[in-house]
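Taking it in order: structure first as structure tokens, then the write-up.
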Amino acid sequence: MNDSNLIITNVKELVGILPTNKLVLKGKEMNELSIIKDAFIEIQDEKILSFGLMKDLKLKDTQKVYDAKGGTILPSWNDSHTHLVFARSREKEFIDKINGLSYEEIAKKGGGILNSALHLEEISEITLFENSKRRLENIIKLGTGAIEIKSGYGLSLEGEFKILRTIRKLKETFDIEIKSTFLGAHALPKKYQKNREKFLDLIINEMLPNIHKEGLADYIDVFCETNYFNVNELDRVLEAGAKYNLKPKVHVNQFTSIGGIQKAIEHNAISVDHLEIMKENDFNSLSNSSTIATLLPSCSFFIDIPYAPAKALIEKNIPFALASDLNPGSSPNGNMNLVNSLACIKMKILPEAVINASTINGAYAMEISHLTGSITKGKQANLIITKPIESYPYLFYSFGENCIERTMVKGKWNK
Ligand code: NIG
Ligand code: FE
């Protein structure tokens, strides 16, 4: 028996097959999905070796078989925007929200990111890691096979290091691809309220070089938004990041459209994320760039703000990924199945577009779509096997139901 070889049989629908050279999808392609019905898929070591119709399968006695029993197989979700490493939940603010306060009002009265920064100061690095590890384990069971994680609740050299070291430990502990992003400019700490310059200096001249020295970040992020960091500050932080080869993945256009998209594109951003508020020129800039948009519907749902214009992006041939934005303030949800349902229901995009956005395009937004994000020979065997379902749109239609039977990352079962 060859232990590193496995054949999964009786797959009702094998979904998301792409050729090797398709690394990102946009426009009409978003609504297309290649499928084989009544299929098998063969895994060798960590990778997809072959797949095809059950009727063409010639099994050897020596091969290990797993019977999917009519379940459907999709590529794992690739969650390209999260703040998974945080100290504590913020359900007190949830009550404020129920009582009618907005995200901005909660932040003004001492809640928000600054509150999470206080929690981070209090927690030990060991507990921070344990909490984050548990969170990631749960998410992997829900079908996530690669993830980006940001810092940003430190707001000091020690605090940011605490988060980034925790992300590094997660990278060492888990098999899944993890990308880490330095988000030093997430909010202005109280003690710098009268001296923003000093905080920017700290980010540019202290945090960045030290983070670089330790190789702790893959990308750089800024929360470019009214009352947070302006376009000029975005420019300065991204320019400083570029000196250390950190490509941008940035928060822009969550509440206001102030030119962050244009500046991020100038800096060759990999992705511009949020985009709940878009002006005509924002679409035009994206159309003429190679930057991918990243949309976060569970953030819109939770803090009750507009949904990003996914349909318009498809019409305008602009590629986008879907991600969870998992964080304690605006999206305490890391379940990509719920994100996908919300995208169908609230953004009114088809299940095909949702699957493409959460698999191949999510991988593209982390620069790993040559490794994962589709059913393609030679790619990592990162798979979701569902319970028997009528057809794949059921996954999103039946929002709130867990349809996942098992998940696999790099050829290894997770549950
Ligand atoms: O992506 N917008 C900025 N950052 C997070 C929220 C952070 C928080 O409230 O803790 C977001 O929505
Ligand atoms: Fe975010």
Side-chain angles (χ1 to χ4, degrees), residues 79-94 96-97 101-121 123 131-132 135 147-155 159-160 163 167 179-189 219-230 233-234 237 248-258 260 264 269-277 293-308 321-334 336 339 342 362 365-366:
D79 191 351
S80 62
H81 179 136
T82 83
H83 309 246
L84 177 136
V85 176
F86 56 87
R88 270 208 259 151
S89 57
R90 303 205 312 251
E91 60 266 39
K92 272 205 191 104
E93 295 174 22
F94 178 53
D96 286 340
K97 215 166 345 219
L101 293 194
S102 70
Y103 182 78
E104 287 102 323
E105 285 164 338
I106 291 167
K108 269 199 190 116
K109 76 176 244 229
I113 297 163
L114 296 185
N115 197 7
S116 278
L118 285 179
H119 297 157
L120 191 96
E121 229 176 281
I123 200 170
N131 292 353
S132 306
R135 244 169 249 145
I147 195 167
E148 180 260 14
I149 309 173
K150 299 169 193 303
S151 67
Y153 291 122
L155 307 180
E160 288 297 282
I163 303 181
I167 302 174
K179 294 284 184 172
S180 88
T181 301
F182 169 53
L183 172 54
H186 198 192
L188 191 67
Y219 298 110
I220 188 156
D221 191 353
V222 172
F223 186 16
C224 179
E225 187 54 66
T226 308
N227 294 330
Y228 290 85
F229 294 93
N230 63 34
E233 292 164 336
L234 171 74
V237 174
K249 280 171 73 65
V250 292
H251 284 74
V252 286
N253 296 50
Q254 183 175 5
F255 302 108
T256 51
S257 167
I258 56 172
I270 296 294
S271 71
V272 284
D273 304 19
H274 273 289
L275 314 192
E276 287 86 348
I277 305 298
T294 298
L295 315 183
L296 312 163
S298 60
C299 171
S300 296
F301 177 71
F302 189 73
I303 61 172
D304 211 5
I305 59 172
Y307 287 81
L322 287 163
S324 72
D325 197 15
L326 168 61
N327 76 74
S330 70
S331 180
N333 165 59
M336 284 295 289
V339 168
L342 288 172
M366 294 185 273

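Remember, it's 1-based here, ligands and their atoms both numbered in the order they're listed.
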Under 3.5 Å, side chain of T294 to main-chain N/O of V272, donor-acceptor pair present? no

Answer yes or no: is there a donor N or O on one side and an acceptor on the other, between the side chain of R90 and the main chain of P332, under 3.5 Å? no

Just wondering, do I305 and Y103 contact through their side chains at under 4.5 Å, heavy atoms? no

In D325, which N, O or S atom comes closest to the Fe ion (ligand 2)? OD1

What's the spacing between E233 CD and Y228 OH if we round to 0.5 Å? 14.0 Å

Among protein heavy atoms, which sits nearest to atom 2 (N) of ligand 1, and what does the distance come to when rounded to 0.1 Å? Q254 OE1, 2.7 Å

Taking both backbone and side-chain atoms into account, decide whether C299 has an N/O/S atom under 2.8 Å from the Fe ion (ligand 2). no

Sub-4.0 Å atoms of ligand 1 with respect to non-hydrogen atoms of Y103: 6 (C), 7 (C), 8 (C), 9 (O)

Backbone N or O of R88 within a donor-acceptor pair of the N131 side chain at under 3.5 Å? no

Backbone or side-chain N/O/S of H83 under 2.8 Å of the Fe ion (ligand 2): yes

Spell out, as yes or no, whether a donor-acceptor pair under 3.5 Å connects the side chain of S331 to the backbone of S324. yes

May I ask whether E225 places a heavy atom under 4.0 Å from ligand 1? no

Distance-only N or O hit between ligand 1 and S116, under 3.5 Å: no

Heavy-atom gap Y228 to ligand 1 smaller than 4.0 Å: no

For A365, does its backbone N or O pair with a side-chain atom of K249 as donor and acceptor, under 3.5 Å? yes

Where's the contact between H186 and ligand 1, heavy-atom distance under 4.0 Å: side chain, backbone, both or neither? side chain

Does only the side chain of Y153 get under 4.0 Å from ligand 1, or the backbone, or both, or neither? Count heavy atoms. side chain

For H83 and Y153, take the angle between the two ring planes, folded into 0 to 90°, and tell me which bin it lands in: parallel under 30, tilted 30 to 60, perpendicular over 60. tilted

Got the closest protein heavy atom to atom 12 (O) of ligand 1, with its distance? S330 OG, 2.5 Å

